[in-house]
Peer 1: 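The structure that follows is given in the form of structure tokens.
In the text below, chain A, chain B and the rest are named by the order of the sequence lines, each starting its count at 1.
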Amino acid sequence: MPDRRYWLFKTEPSCFSFIDLQHRPGGTDHWDGVRNYQARNYLRDEVQVGDQILFYHSNIAEPAIIGIAEVVKAGYPDWTARDPQGEHFDPNSTVAKPIWFMVDVRYVRPLPRPVTLAELKTVPALAGMVLLSRSRLSIQPVRAEEWRLILRLGGVHK
DNA sequence: GCCAACGTTGGC
DNA sequence: GCCAACGTTGGC
């Protein structure tokens with residue numbers, strides 16, 4: 001578990017975008033509102049400080065990985081679950097027994113060339129990506145080989 | 001806007 | 001604990 005280092009975080013840009021993250025103080029914000037148990041488990045148990053994130057925009061004309069972010073704070077209780085006014089309220093979640101978790105992430109850099117979903121589908125080495133088989137999962141592990149290849153496709157050269 | 005896939009809920 | 005109904009997601 002501690003040696004997983006790469007993730008894909010999915011978001012609808014109309015809700016929260018990569019540019020929104022860039023404009024937060026320090027390019028940093030909490031990743032709240034995840035209400036799926038498998039994604040919650042990743043946030044609570046596996047996502048660690050320093051892990052690298054592919055930032056994916058969904059539910060748009062051309063869904064794509066558009067940038068890189070990193071984890072700056074590991075999982076802690078998602079307090080938006082306790083805000084009755086908020087969109088992500090869950091009356092079953094309490095301070096003593098939180099159900100939902102979030103992490104803090106920081107903007108790192110955009111990909112010089114976004115890598116679209118359509119393009120990902122054409123690359124045989126990426127056929128095993130979680131994104132292609134379980135597209136609805138909002139927090140997904142990414143293998144190191146996949147990470148390197150996607151960055152290369154995105155025009156990032158070391 | 002449609003619809004398929006999938007996660008959640010709730011009756012039994 | 002099964003499974004049908006229902007709600008949500010997200011590509012197209």
Peer 1: I want to check one thing: is the phosphate of B:dC6, taken as OP1 and OP2, less than 4.0 Å away from some side-chain N or O of A:Tyr37?
Peer 2: no
Peer 1: Is it true that A:Phe18 and A:Tyr107 have ring centroids separated by less than 6.0 Å?
Peer 2: yes
Peer 1: Answer yes if the ring centres of A:Trp79 and A:His30 are under 6.0 angstrom apart, and no otherwise.
Peer 2: yes
Peer 1: Do A:Arg5 and A:Glu46 sit within salt-bridge range, that is, some charged N less than 4.0 Å from a carboxylate O?
Peer 2: no
Peer 1: Using a strict cut-off of less than 4.0 Å between a Lys/Arg side-chain nitrogen and an Asp/Glu carboxylate oxygen, indicate whether A:Asp78 and A:Arg35 qualify as a salt bridge.
Peer 2: yes
Peer 1: Rounded to 10°, tell me the angle between the two end axes of the helix from B:dG1-C:dC12 to B:dC12-C:dG1, each built from five pairs.
Peer 2: 10°
Peer 1: Can you name the closest pair of heavy atoms from A:Glu146 and A:Gly128 and give their distance?
Peer 2: OE2-C, 3.9 Å
Peer 1: Which of residues 126-137 of chain A have a heavy atom under 4.0 Å from DNA chain C?
Peer 2: A:Ser135, A:Arg136
Peer 1: In whole Å, what is the span from the CD atom of A:Glu119 to the P atom of C:dC12?
Peer 2: 14 Å
Peer 1: Let me know the distance between CD of A:Gln140 and C1' of B:dG7, rounded to the nearest Å.
Peer 2: 15 Å
Peer 1: From CD of A:Glu87 over to P of C:dT8, roughly how many Å is that when rounded to an integer?
Peer 2: 12 Å
Peer 1: Within a 6.0 Å radius of atom CD on A:Glu62, are there more than 12 heavy atoms belonging to other residues, nucleotides or ligands?
Peer 2: no
Peer 1: State whether a side-chain donor-acceptor pair under 3.5 Å links A:Ser17 with A:Asp20.
Peer 2: yes
Peer 1: Please tell me whether A:Phe89 and A:Trp100 form a close aromatic pair, meaning their ring centres lie under 6.0 Å apart.
Peer 2: no
